[in-house]
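The block underneath contains the structure these notes are about, expressed in structure tokens.
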Amino acid sequence: MKKERVFCGIDPGKKGALAFIRESGITAFPVPTIGKEYDKSEMCNIIRNLNEEFDVHVVLENINGHVALGRQSAFVMGKGLGMWEMLLTAFNVPHTMITPQSWQKVMWMGIPKQANTKNTSLLAAKRLFPHETFLATPRSSVAHDGIVDAILIAEYCRRKIK
């Protein structure tokens, strides 16, 4: 039986998200956490099930430590990236790692630059997916930055990976 083709984008930070684009629509949700910690068990379940159920390709945002973030934040970001990369590798999920600048260059094309990169991404995402809410939960009232980025990364994956 032929598996459904799915394009996945992962913004790996604790406030990041996962997004899946397929023929039936878009699914996106925040990175699973318990309190302030990554929910490693749920992360593992997501990746294991993804590879079993779908013909998938994942684009994982290859975030870099930034001087302005400080050592602790850079360490936490790197930890999340490492966990996602290891899960994708362990479950033999085809994936590509890409810098934020690379996907943003493609996905922000024709979008007026905003003072804040998150606003530029939200503007691009709303133009591409006008029916999406980008909310983390039905009770949320503000777009979730991680979901916005993950959806744009998944769309980058759909456009670039055949």
Side-chain angles (χ1 to χ4, degrees), residues 1-34 38-63 77 80-111 114 117-162:
M1 185 168 148
K2 187 175 179 183
K3 294 180 181 180
E4 182 181 11
R5 184 77 166 135
V6 174
F7 302 95
C8 175
I10 301 178
D11 175 348
K14 275 189 195 169
K15 294 183 180 177
L18 290 85
F20 307 94
I21 295 178
R22 54 187 195 222
E23 284 186 31
S24 60
I26 297 172
T27 303
F29 50 88
V31 165
T33 57
I34 299 173
Y38 288 98
D39 184 345
K40 297 175 197 81
S41 177
E42 186 58 24
M43 291 167 67
C44 187
N45 289 335
I46 290 167
I47 300 303
R48 179 188 312 111
N49 294 336
L50 185 64
N51 204 31
E52 290 175 359
E53 296 177 23
F54 301 102
D55 174 15
V56 66
H57 192 94
V58 175
V59 170
L60 175 62
E61 185 179 47
N62 191 4
I63 50 180
M77 287 174 60
L81 174 64
M83 286 190 288
W84 285 115
E85 185 179 10
M86 181 53 72
L87 285 169
L88 293 167
T89 302
F91 288 107
N92 297 311
V93 176
H95 62 282
T96 302
M97 297 182 66
I98 190 158
T99 64
Q101 296 80 8
S102 295
W103 70 259
Q104 288 167 351
K105 181 178 179 181
V106 172
M107 300 313 299
W108 290 358
M109 198 172 296
I111 303 298
Q114 305 299 302
T117 60
K118 296 299 181 186
N119 289 338
T120 306
S121 285
L122 182 58
L123 186 57
K126 284 188 172 201
R127 285 189 180 178
L128 289 168
F129 306 102
H131 301 292
E132 290 298 316
T133 65
F134 309 103
L135 301 177
T137 69
R139 294 179 51 186
S140 300
S141 60
V142 177
H144 186 282
D145 294 337
I147 289 176
V148 169
D149 284 354
I151 289 174
L152 290 174
I153 295 165
E155 175 60 12
Y156 175 90
C157 180
R158 189 188 69 76
R159 291 181 184 189
K160 297 294 183 179
I161 307 299
K162 302 296 177 201

Residue pairs involving residues 122-131 (criterion side chain to side chain donor-acceptor pair (under 3.5 Å); sequence neighbours excluded): none
Any residue meeting side-chain hydrogen bond (donor to acceptor under 3.5 Å, both in side chains) with His95, in chain and number order, not counting sequence neighbours: none
Pairwise distance [atom1]([X]) to [atom2]([Y]) - rounded to 0.5 angstrom:
{"X": "Ile46", "Y": "Cys8", "atom1": "CD1", "atom2": "SG", "answer": "9.0 Å"}
{"X": "Met43", "Y": "Leu18", "atom1": "CE", "atom2": "CG", "answer": "8.0 Å"}
{"X": "Ser102", "Y": "Glu61", "atom1": "OG", "atom2": "CD", "answer": "10.0 Å"}
{"X": "Ile10", "Y": "Ile153", "atom1": "CD1", "atom2": "CD1", "answer": "9.0 Å"}
{"X": "Asn45", "Y": "Asp39", "atom1": "CG", "atom2": "CG", "answer": "8.5 Å"}
{"X": "Ile151", "Y": "Arg158", "atom1": "CD1", "atom2": "CZ", "answer": "13.0 Å"}

Taking all atoms of both residues into account, what is the closest heavy-atom pair of [X] and [Y], and its distance?
{"X": "Val31", "Y": "Asp11", "result": "CG2-O, 3.6 Å"}
{"X": "Gly9", "Y": "Ala154", "result": "N-CB, 3.5 Å"}
{"X": "Ala136", "Y": "His144", "result": "CB-CD2, 3.6 Å"}
{"X": "Ile98", "Y": "Tyr156", "result": "CD1-OH, 2.9 Å"}
{"X": "Phe134", "Y": "Ile147", "result": "CA-CG2, 4.0 Å"}
{"X": "Leu152", "Y": "Ser121", "result": "CD1-O, 3.4 Å"}

Would you indicate whether the side-chain heavy atoms of [Y] and [X] approach each other to under 4.5 Å?
{"X": "Thr120", "Y": "Ile111", "answer": "yes"}
{"X": "Leu60", "Y": "Glu85", "answer": "yes"}
{"X": "Phe129", "Y": "Ile21", "answer": "yes"}

State which residue, out of Arg22, Lys2, Arg5, Lys3, fulfils the side-chain hydrogen bond (donor to acceptor under 3.5 Å, both in side chains) condition with Asp55.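 Answer after filtering Arg22, Lys2, Arg5, Lys3: Arg5.
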Chi angles and distances behind the side-chain contact (heavy atoms from CB on, under 4.5 Å) call for Trp108, Thr117: CA-CA 10 Å; Trp108 290 358; Thr117 60; 3.7 Å; yes
Strictly below 4.0 Å, N to O, side chains only: are Lys118 and Asp149 in salt-bridge contact?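 Here Lys118 pairs with Asp149 in a salt bridge, since their nearest N and O are under 4.0 Å apart.
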Between the side chains of Arg48 and Glu52, is the shortest nitrogen-to-carboxylate-oxygen separation below 4.0 Å, so that they form an ion pair?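 Result for this pair is no, no salt bridge flagged.
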Please confirm whether the backbone N or O of Lys14 pairs with a side-chain atom of Tyr38, one donor and one acceptor, at under 3.5 Å?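 Such a contact is found between Tyr38 side chain and Lys14 backbone.
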Ser140 side chain to Leu135 backbone, donor-acceptor under 3.5 Å: no
Please assess Val58 against Leu50 for the test side-chain contact (heavy atoms from CB on, under 4.5 Å), listing each intermediate value before the final yes or no. CA-CA 10 Å; Val58 175; Leu50 185 64; 4.0 Å; yes
Hey, mind stepping through Val93 and Asn51 against side-chain contact (heavy atoms from CB on, under 4.5 Å) and telling me if it holds? CA-CA 6 Å; Val93 176; Asn51 204 31; 3.6 Å; yes
